[in-house]
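Working notes, structure below.
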Protein chains: 2
Amino acid sequence: MRRMTARPGNAHQARLLTLLRDGGPNSRAQLGDQVDLSRSKLAVEVERLLETGLVVADGLAASRGGRRSHNIRLAPALRFLGVDIGATSIDVAVTNAELEVLGHINQPMDVREGPVAVFEQVLSMAAKLKASGLAEGFDGAGIGVPGPVRFPEGVPVAPPIMPGWDGFPVREALSQDLGCPVMVDNDVNLMAMGEQHAGVARSVGDFLCVKIGTGIGCGIVVGGEVYRGTTGSAGDIGHIQAVPDGRPCACGNRGCLEAHFSGAALARDATEAAQQGLSEELAARLEAAGALSAVDVAAAAAAGDATALDLIREGGNRTGQVIAGLVSFFNPGLVVIGGGVTGLGHTLLAAIRTQVYRQSLPLATGNLPIVLGELGPTAGVIGAARLISDHLFSPA
Amino acid sequence: MRRMTARPGNAHQARLLTLLRDGGPNSRAQLGDQVDLSRSKLAVEVERLLETGLVVADGLAASRGGRRSHNIRLAPALRFLGVDIGATSIDVAVTNAELEVLGHINQPMDVREGPVAVFEQVLSMAAKLKASGLAEGFDGAGIGVPGPVRFPEGVPVAPPIMPGWDGFPVREALSQDLGCPVMVDNDVNLMAMGEQHAGVARSVGDFLCVKIGTGIGCGIVVGGEVYRGTTGSAGDIGHIQAVPDGRPCACGNRGCLEAHFSGAALARDATEAAQQGLSEELAARLEAAGALSAVDVAAAAAAGDATALDLIREGGNRTGQVIAGLVSFFNPGLVVIGGGVTGLGHTLLAAIRTQVYRQSLPLATGNLPIVLGELGPTAGVIGAARLISDHLFSPA
DNA sequence: CGACTTCTTCCACTCAGAGGACAAAGAGTG
DNA sequence: CACTCTTTGTCCTCTGAGTGGAAGAAGTCG
């Protein structure tokens with residue numbers, strides 16, 4: 001089939017597309033209730049959208065007490081590709097125009113293998129999804145990378161954990177290979193957009209989304225929009241000092257949050273504890289697997305291992321201290337905790353909450369929910385799909 | 001004279017008013033270059049503004065090579081009142097519609113005397129300005145208070161250093177007394193707006209404005225707009241933990257930045273040092289005045305007193321640490337340091353810069369100026385005038 | 001003085017959008 | 001089933017915002 005070529009011709013059409021995306025199939029009448037346009041105007045714009053093929057008729061709606069309305073919906077053949085490149089694995093998903101995930105695959109891979117190898121992998125994963133009959137082609141793709149991005153150009157800048165990616169024209173290259181429009185953003189920002197679109201952050205205007213994975217980052221949403229900072233490095237909280245004169249960090253400083261708590265730090269601490277004989281549980285796992293990861297710590301904690309729980313609590317305290325500072329500064333309406341370590345679950349959450357509620361002022365914490373992300377690994381890919389759909393559903 | 005009653009009738013007129021406010025008198029042709037409207041449309045809107053009296057003719061402009069243009073400007077009789085209520089003093093100023101300060105008076109007063117006493121004082125200061133012939137009345141007033149504000153209603157909420165102000169209807173009360181529209185905001189936000197309008201932050205979209213006075217606060221500007229947070233307490237960085245298990249703070253926690261460095265903390269430290277005989281300079285000043293303030297420390301430092309310099313450096317380090325965290329998080333394009341302690345000047349600035357440049361990542365600090373505010377005590381009142389003019393120059 | 005620019009006004013024309021009238025299609029009622 | 005009432009969709013007219021061209025007014029420059 002011919003892929004999506006049209007774009008909304010004006011702001012009204014763009015608004016209608018987003019309503020259909022976020023609210024699913026809808027009747028003209030219901031749309032009219034939401035957009036504050038005259039019926040005639042609405043009819044004209046819907047007609048134009050139908051002509052472009054972005055929107056199709058979808059049967060009759062139930063009666064609301066009078067004549068039944070004809071439903072319309074976004075073209076069911078539209079497909080978006082959501083790609084979430086993590087430090088150690090890649091998530092790729094296909095969604096329809098309503099951003100529902102139709103297929104999702106995950107594959108371990110180290111970003112440090114460089115952009116060429118990574119994108120080869122991404123393309124083969126995308127091909128696999130296509131081959132399974134979920135899509136005949138892609139109308140757009142959103143890509144998340146684990147480092148700062150110059151957003152308008154879609155190019156990673158000075159990514160500490162991604163040597164070889166600096167300045168690589170991700171957007172352009174992938175747009176070529178996939179043959180569709182592409183947008184690139186920091187993975188944390190995409191997670192925030194995902195939780196905003198389909199997760200816990202619906203209907204919250206200003207919130208923070210802290211992602212604890214191999215590193216630690218924070219998505220910042222202001223007035224419903226992701227804030228990226230002057231150079232695209234906003235939310236880079238992994239290198240905030242959490243412990244004065246603490247551990248040396250890869251960045252050259254000491255005591256960075258990331259050096260004391262993150263997937264990588266946790267694995268290292270656990271290994272050390274196991275070798276020192278502090279925990280039989282962890283030692284057994286180390287023996288079995290040859291190396292420990294955050295997942296092992298989570299499992300050990302779930303099994304009641306005191307050392308593992310201590311590690312998590314300790315890390316949660318550190319993280320909570322930093323978040324407390326951010327809460328005082330930013331006064332968000334919600335804090336979402338997500339990322340690979342969500343498996344650490346409520347032990348971690350409790351530690352973070354304790355610190356934040358203790359250290360920040362009541363006015364800021366009074367009505368501040370601190371919750372785990374709802375979408376897990378799909379947050380990133382949904383956010384990626386959302387990113388490209390926001391782009392494509394805005395006037396050209 | 002009759003005060004300003006009209007408001008711009010549409011977004012075009014609002015835009016023209018702001019252009020005239022920020023750019024001074026201007027010809028129709030020059031305005032046309034900036035607004036992307038057809039000449040005819042522009043002429044119509046200007047005509048309407050002239051009818052309302054908000055704008056008046058102002059002679060002929062210089063020729064740009066052809067027929068000379070007729071200048072127009074904002075009504076010269078328009079007057080805004082800018083009020084900046086600090087913890088220990090009150091600033092009141094009158095500005096014209098271009099937000100130029102025509103008169104400015106300052107009077108010491110403790111906010112803790114409560115809103116009634118303070119506003120009595122404010123009104124008498126405003127009356128004094130009026131009596132000196134600078135204004136026949138006020139078309140609007142902006143008020144800054146040293147604590148969080150529920151912005152839409154213009155009401156202070158839970159202000160720690162302002163007992164008796166919680167919930168006081170500042171906006172409504174002053175609007176009654178002054179007989180003109182009033183807007184209320186946190187003093188730090190107003191300082192940020194002032195520096196943005198007429199100071200160092202012109203043409204910067206995203207920046208932080210750290211005010212170190214009796215307390216410490218931070219104005220946050222995102223995309224040219226002040227960000228106030230969910231409950232109006234954004235930027236309240238005085239109670240971020242700067243020293244683990246540090247000094248007890250009035251808020252109930254330990255180690256808050258404000259407890260270790262602020263006008264109040266500095267005065268206390270200096271007094272202590274003087275009493276312990278660590279500094280002859282400070283001891284002499286204590287003897288002479290009976291008490292020490294931040295100003296004394298600044299003077300002693302200027303005179304080369306080692307103890308005073310140490311105090312400033314120490315405080316700068318602490319503040320710099322906190323700011324470094326904020327820079328990593330927020331990735332601003334500029335950091336402005338202002339407030340009462342600007343007298344501490346470059347010693348303080350150097351200490352802050354050192355910390356920030358050392359602790360934050362290069363991508364965030366690479367092109368990040370950290371500078372002292374340019375406007376000193378007028379930043380607040382200019383920001384206040386800007387606040388109300390933004391309000392009045394927007395469509396009703 | 002004449003040629004060329006720039007500024008301003010006037011006017012005809014286009015077009016988005018509102019809103020009313022009316023027809024179509026359903027629900028509810030006796 | 002006949003009737004009324006409601007909701008939906010379409011058509012048509014009207015208004016007002018805005019554009020762009022033409023022409024006059026008021027300059028500059030050689």
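In this text the structure is predicted, and so the values were computed from the model without any measurement. Order of the sequence lines sets the chain letters (A, B, ...), proteins ahead of strands, with each chain counted from 1.
Atom CD of B/Glu45 and atom C1' of D/dG16 are 12 Å apart (whole Å). Rounded to whole Å, the distance from CD on B/Glu47 to P on C/dT9 is 8 Å. Whole-Å rounding puts the B/Asn10 CG to D/dG18 P distance at 7 Å. What separates NZ of A/Lys41 from C1' of C/dA18 is a distance of 11 Å, to the nearest Å. The CG atom of B/Leu42 sits 14 Å away from the P atom of D/dG20 (whole-angstrom rounding). With rounding to whole Å, A/Asp33 atom CG is found 11 Å from D/dT7 atom P. Remark: C1' of D/dT7 and NE2 of A/His70 are 12 Å apart, rounded to the nearest angstrom. Between B/Leu60 atom CG and D/dA25 atom P the separation is 17 Å, expressed in whole Å.
Put simply, the side chain of B/Ser175 gets close to the backbone of B/Cys180: a donor and an acceptor are under 3.5 Å apart.
Across all non-hydrogen atoms, the minimal contact from B/Asn71 to B/Ala61 is OD1-CB, 3.4 Å. Closest non-hydrogen pair, A/Gly232 versus B/Asn331, comes out as N-ND2, 3.2 Å. Smallest separation of non-hydrogen atoms from B/Leu334 and B/Val200: CD2-O, 3.8 Å. Contact detail for A/Glu136 and A/Lys130: the closest heavy-atom pair is O-CD, 3.9 Å.
Across all strands shown, B/Ser38 has heavy atoms under 4.0 Å from base atoms, whether or not it also approaches the sugar-phosphate. If you check every strand for non-hydrogen atoms under 4.0 Å, B/Arg39 touches a base. Here A/Ala43 lies out of heavy-atom contact (under 4.0 Å) with every strand.
Annotation: of the two residues near DNA chain D, A/Asn71 and B/Arg68, the 5′-most nearest-nucleotide partner is A/Asn71. Mapped onto DNA chain C by nearest heavy atom, A/Ser40 and B/Arg28 fall at different nucleotides, with B/Arg28 at the one closer to the 5' end. Comparing A/Gln30 and B/Asp36, the nucleotide of DNA chain D nearest to each residue sits closer to the 5' end for A/Gln30.
With D/dA17, C/dA18, C/dG26 as the candidates, the nucleotide lying closest to the side chain of A/Ser63 is C/dG26.
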> Run the side-chain hydrogen bond (donor to acceptor under 3.5 Å, both in side chains) check on A/Ser69 and A/Arg28 step by step: do they pass?
Replying inline: CA-CA 7 Å; A/Ser69 179; A/Arg28 286 171 172 79; over 6 Å; no

>> Evaluate A/Arg64 against A/Asp33 for salt bridge (charged side-chain N to carboxylate O under 4.0 Å, His left out), listing each step before the verdict.
In response: CA-CA 13 Å; A/Arg64 292 200 292 183; A/Asp33 295 342; 3.2 Å; yes

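For the pair A/His12 and C/dG17, the criterion of a side-chain N or O lying under 4.0 Å from OP1 or OP2 is met.
B/Glu45 and B/Asn10 are linked by a side-chain donor-acceptor pair at a separation below 3.5 angstrom, with hydrogens and angles left out of the test.
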Could you go through nucleotides 3-5 of chain C and list every protein N or O atom that sits under 3.5 Å from one of its N or O atoms, giving the distance for each pair?
none

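Checked against the 6.0 Å centroid criterion, the rings of B/Tyr227 and A/Tyr227 do not qualify as a close aromatic pair.
Figure legend: cation-pi geometry between A/Arg79 and A/Phe138 absent, as NZ or CZ is not positioned both under 6.0 Å from the six-membered ring centre and within 45° of its axis.
Within residues 13-27 of chain A, no residue has any heavy atom closer than 4.0 Å to DNA chain D.
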